Engineer: 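Shown below is the structure under consideration.
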Amino acid sequence: MDEAVGDLKQALPCVAEVPTVHVEVHQRSGSTAKKEDIKLSVRKLLNRHNIVFGDYTWTEFDEPFLTRNVQSVSIVDTELKAKDPQPIDLTACTIALHIFQLNEDGPSSENLEEETENMIAASHWVLPAVEFHGLWDSLVYDVEVKSHLLNYVLTALLFSDKNVDSNLVTWNRVVLLHGPPGTGKTSLCKALAQKLTIRLSSRYRYGQLIEINSHSLFSKWFSESGKLVTRMFQKIQDFIDDKDALVFVLIDEVESLTAARNACRAGAEPSDAIRVVNAVLTQIDQIKRHSNVVILTTSNITERIDVAFVDRADIRQYIGPPSAAAIFKIYLSCLEELMRLLTLRELEMIGFIENNVSKLSLLLSEISRKSEGLSGRVLRKLPFLAHALYVQTPSVTIEVFLQALSLAVDRQFEDRRKLLPCV
């Protein structure tokens with residue numbers, strides 16, 4: 001128990017004078033090397049390169065052992081503590097190493113057998129999964145959304161391990177992310193589950209992510225929804241019983257699950273509606289007793305969620321459209337990816353430092369400002385549309401590509417006005 005608490009303390013942000021730097025080590029899928037041997041080699045690498053500037057990743061190594069067994073070594077999440085990248089002296093930090101291998105299997109289905117058909121009630125991933133690799137880094141927010149969510153779950157697990165009396169200090173392990181569609185709420189839930197599985201790899205051997213298919217579960221069989229909810233959570237209980245696993249239950253668009261009482265006003269039978277909500281609340285109250293489970297929920301329409309469910313959410317985090325500064329970072333990450341694949345010919349990325357007054361940086365800042373109001377989902381599509389509509393050649397200079405991107409933004413707003421004239 002003391003060792004487990006120590007792992008969690010190490011995972012939590014350090015408030016003492018000595019900062020903690022988290023290093024994620026991606027072990028190759030075919031590698032059978034022992035973690036202790038990998039840790040030793042990685043520490044030698046860090047000793048040779050002990051000054052870094054913010055987040056940094058090594059993918060090439062001068063040591064054969066690392067080349068054979070390690071895909072990458074990444075210093076991560078330093079931006080969660082500092083707004084701008086700062087030089088970090090690794091010799092003055094506590095280094096927390098997190099070694100992981102990605103599960104290459106895709107999602108499986110969790111089925112509930114009915115009299116007439118076999119219903120897919122949920123999708124299930126074993127974490128960390130290839131599908132979610134890099135997802136955490138791709139999500140850009142203006143406020144400290146990531147650090148708050150990360151710290152919340154780590155604190156909940158620490159309190160459980162320290163046997164804090166939940167009658168005196170209450171937490172439910174329920175997170176609610178709300179905001180307009182397309183802002184990355186579901187992606188953030190999946191990325192958080194992946195990140196925590198890696199961060200706590202010394203405590204849990206793997207993670208389990210179960211994404212409940214709320215629309216099929218709670219609409220098609222409405223008269224039986226209460227029973228189906230109970231049966232679905234009974235299947236989830238089987239995963240929770242494995243104490244080597246950290247279990248995440250994702251309920252996307254949770255209003256479809258807890259808005260049932262509103263249906264009473266539209267003529268649906270009250271008893272059916274109430275049974276649905278009561279079943280959900282009862283199951284949440286039961287599984288929160290287990291220290292290795294976190295419930296992640298999203299909503300586009302919070303006013304439709306039952307108050308009793310909202311009260312159970314420890315964190316109710318609003319996720320809105322990105323600001324111009326966040327949009328700049330999103331576009332920049334897209335450009336870096338296209339440059340990595342040699343789609344863009346200019347390689348002087350230093351011109352894109354945010355505070356730089358270069359011509360290209362100013363142009364990208366202008367495009368970012370006029371992109372405000374677009375969701376993250378749309379923003380990451382625009383570089384593709386810019387190339388497809390206005391470039392179409394295998395390679396192009398950055399300046400020409402940015403001009404195409406500007407045209408794609410204008411077209412996006414024009415198309416939206418035609419499609420939604422009242423908005």
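Nothing fancy with the numbering, it's 1 onward along the sequence. Here the structure is a predicted model, which is why all the values come from computation and not from measurement.
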Engineer: Using modelled atom types and a 3.5 Å cut-off, is there a donor and acceptor pairing between side-chain atoms of Asn151 and backbone atoms of Ser147?
Structural biologist: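 Pair found, side chain donor or acceptor close to backbone of Ser147.
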
Engineer: Answer with yes or no whether the side chains of Asp252 and Thr186 bring together a donor and an acceptor at under 3.5 Å.
Structural biologist: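 The criterion, which ignores hydrogens and geometry beyond distance, is satisfied for Asp252 and Thr186.
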
Engineer: Do Met339 and Ile398 come within less than 4.5 Å of each other through their side chains, counting heavy atoms only?
Structural biologist: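 A side-chain contact exists here, since the closest heavy-atom pair is under 4.5 Å.
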
Engineer: To the nearest 0.5 Å, tell me how far Leu176 CG sits from Glu255 CD.
Structural biologist: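 One finds 9.5 Å between CG of Leu176 and CD of Glu255.
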
Engineer: Is there side-chain contact between Phe100 and Leu102, with at least one heavy-atom pair below 4.5 Å?
Structural biologist: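 In contact.
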
Engineer: Is Lys190 salt-bridged to Glu211, cutoff N-O under 4.0 Å?
Structural biologist: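 Between Glu211 and Lys190 there is a salt bridge, with a charged N closer than 4.0 Å to a carboxylate O.
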
Engineer: Is the backbone of Val140 close enough, under 3.5 Å, to the side chain of Lys329 for a donor and an acceptor to pair up by distance?
Structural biologist: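 Here the side-chain-to-backbone pair does not exist.
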
Engineer: Taking atom types as modelled and ignoring hydrogens, do the side chains of Tyr56 and Thr78 form a donor-acceptor contact shorter than 3.5 angstrom?
Structural biologist: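 Absent: no donor and acceptor within the cut-off.
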
Engineer: Do Leu196 and Leu154 make a side-chain contact, defined as non-hydrogen atoms from C-beta onward lying under 4.5 Å apart?
Structural biologist: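 They are in side-chain contact.
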
Engineer: Taking Lys146 first and then Asp77, would you say they form a salt bridge - that is, a charged N and a carboxylate O separated by under 4.0 Å?
Structural biologist: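 A salt bridge is absent here (no side-chain N lies under 4.0 Å from a carboxylate O).
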
Engineer: Taking NZ, NE, NH1 and NH2 as the nitrogens, is one of them in Glu414 or Arg411 under 4.0 Å from a carboxylate oxygen of the other?
Structural biologist: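 Not counted as a salt bridge, because no side-chain N and carboxylate O are separated by less than 4.0 Å.
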
Engineer: Please say whether more than 12 non-hydrogen atoms of neighbouring residues, nucleotides or ligands are located less than 6.0 Å from CD in Glu60.
Structural biologist: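 Open.
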
Engineer: Would you kindly say whether Tyr206 and Asn103 are connected by a side-chain donor-acceptor distance under 3.5 Å?
Structural biologist: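 No.
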
Engineer: Carefully, step by step, assess Asp105 and Val126 under the rule side-chain contact (heavy atoms from CB on, under 4.5 Å).
Structural biologist: CA-CA 8 Å; Asp105 296 333; Val126 176; over 6 Å; no

Engineer: Is a donor on one side and an acceptor on the other found under 3.5 Å between the side chain of His387 and the backbone of Ala404?
Structural biologist: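 Looks like no, no N/O pair under 3.5 Å.
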
Engineer: For the pair Glu24 and Arg199, find out whether any cationic side-chain nitrogen is under 4.0 Å from an anionic carboxylate oxygen.
Structural biologist: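 Answer for the salt bridge query: no.
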
Engineer: Donor-acceptor pair, Ser365 side chain versus Ser361 backbone, under 3.5 Å?
Structural biologist: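 Side chain of Ser365 to backbone of Ser361, a donor-acceptor pair under 3.5 Å: yes, one is there.
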
Engineer: Should Arg48 and Asp62 be marked as a salt bridge (charged side-chain N to carboxylate O under 4.0 Å, His left out) after you check the CA-CA gap, both sets of side-chain angles, and the distance that decides it?
Structural biologist: CA-CA 11 Å; Arg48 294 195 299 272; Asp62 53 11; 3.1 Å; yes

Engineer: For residues Glu372 and Ser323, is any side-chain donor paired with an opposing acceptor at under 3.5 Å?
Structural biologist: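 There is no such pair between these side chains.
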
Engineer: Between Arg316 and Val310, is there a donor-acceptor pair closer than 3.5 Å when you use the side chain of the first and the backbone of the second?
Structural biologist: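 Between the backbone of Val310 and the side chain of Arg316 there is a qualifying donor-acceptor contact (under 3.5 Å).
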
Engineer: Using modelled atom types only, decide if a donor and an acceptor are shared between the side chain of Asp37 and the backbone of Ala33 within a distance under 3.5 Å.
Structural biologist: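 Not a single qualifying donor-acceptor pair exists.
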
Engineer: Are Val42 and Leu97 side-chain neighbours, meaning at least one heavy-atom pair lies under 4.5 Å?
Structural biologist: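 SC-SC contact between Val42 and Leu97 confirmed.
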
Engineer: State which residue, out of Ile99, Leu90, Ile75, fulfils the side chain to side chain contact (heavy atoms under 4.5 Å, CB included) condition with Val23.
Structural biologist: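 Only match with Val23 under side chain to side chain contact (heavy atoms under 4.5 Å, CB included): Ile75.
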
Engineer: Verify whether one side chain among Asn111 and Ser109 offers a donor that lies under 3.5 Å from an acceptor in the other.
Structural biologist: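 No donor-acceptor contact under 3.5 Å links the two side chains.
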
Engineer: Kindly indicate whether the side chain of Leu402, heavy atoms from C-beta on, has any atom under 4.5 Å from the side chain of Tyr331.
Structural biologist: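 With C-beta onward as the side chain, the pair stays apart.
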
Engineer: Output yes when a side-chain donor or acceptor of Ser74 lies under 3.5 Å from a complementary backbone atom of Val76, and no otherwise.
Structural biologist: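 Side chain of Ser74 to backbone of Val76, a donor-acceptor pair under 3.5 Å: no, none is there.
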
Engineer: Quick one: does Thr67's side chain have a donor or acceptor within less than 3.5 Å of a partner on Glu63's backbone?
Structural biologist: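 Yes; judged by distance alone, with no hydrogens or angles, the pair exists.
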
Engineer: Supply the atom-to-atom distance Ile251 CD1 to Ile210 CD1, rounded to the nearest 0.5 angstrom.
Structural biologist: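 Going from the CD1 atom of Ile251 to the CD1 atom of Ile210 covers 11.0 Å.
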
Engineer: Between Ser375 and Pro181, is any pair of side-chain heavy atoms under 4.5 Å apart?
Structural biologist: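 Result no, sub-4.5 Å side-chain heavy-atom pair not found.
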
Engineer: Counting only N and O atoms by type, is there a donor-acceptor contact under 3.5 Å from the side chain of Asp314 to the main-chain atoms of Trp171?
Structural biologist: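 Absent.
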
Engineer: So Phe328 and Ser333, do their side chains get closer than 4.5 Å, heavy atoms only?
Structural biologist: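 In short, these two side chains do not touch, never coming nearer than 4.5 Å.
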
Engineer: Please check if any side-chain donor atom of Ser201 sits under 3.5 Å from a side-chain acceptor atom of Lys35, or the reverse.
Structural biologist: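 No pair is found: no donor N or O on one side chain lies under 3.5 Å from an acceptor on the other.
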
Engineer: Verify the distance criterion only: is there a donor paired with an acceptor across the side chains of Glu131 and Trp125 at less than 3.5 Å?
Structural biologist: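 Checked: Glu131/Trp125 side chains pair up, N/O donor to acceptor below 3.5 Å.
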
Engineer: In Å, rounded to the nearest 0.5 Å, how long is the span from CG of Leu177 to CD1 of Ile315?
Structural biologist: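 So the CG of Leu177 and the CD1 of Ile315 are separated by 9.0 Å.
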
Engineer: Would you check, one step at a time, whether the test ring-ring contact (aromatic ring centres under 6.0 Å, His included) holds for His124 with Phe239?
Structural biologist: CA-CA 10 Å; His124 166 230; Phe239 295 112; 4.6 Å; yes

Engineer: Measure from the side-chain N and O atoms of Thr297 to the backbone N and O of Val254, and report whether any donor-acceptor pair falls under 3.5 Å.
Structural biologist: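 The answer is no, because no donor-acceptor pair under 3.5 Å joins these two groups.
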
Engineer: Which pair of non-hydrogen atoms, one from Pro180 and one from Ile319, has the smallest distance, and what is that distance?
Structural biologist: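 Where Pro180 meets Ile319 most closely, the heavy atoms are CD-O, 3.5 Å.
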
Engineer: Using a 4.5 Å cut-off on heavy atoms from C-beta on, say whether the side chain of Thr197 contacts that of Phe132.
Structural biologist: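 Not in contact.
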
Engineer: State, without any angle test, whether Thr183 and Arg377 hold a side-chain donor-acceptor pair at a distance under 3.5 Å.
Structural biologist: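 No, Arg377 and Thr183 have no side-chain donor paired with an acceptor closer than 3.5 Å.
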
Engineer: So which of His26, Gln101, His133, Arg28 actually passes side-chain hydrogen bond (donor to acceptor under 3.5 Å, both in side chains) with Gln71?
Structural biologist: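 The single option meeting the side-chain hydrogen bond (donor to acceptor under 3.5 Å, both in side chains) with Gln71 is Arg28.
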
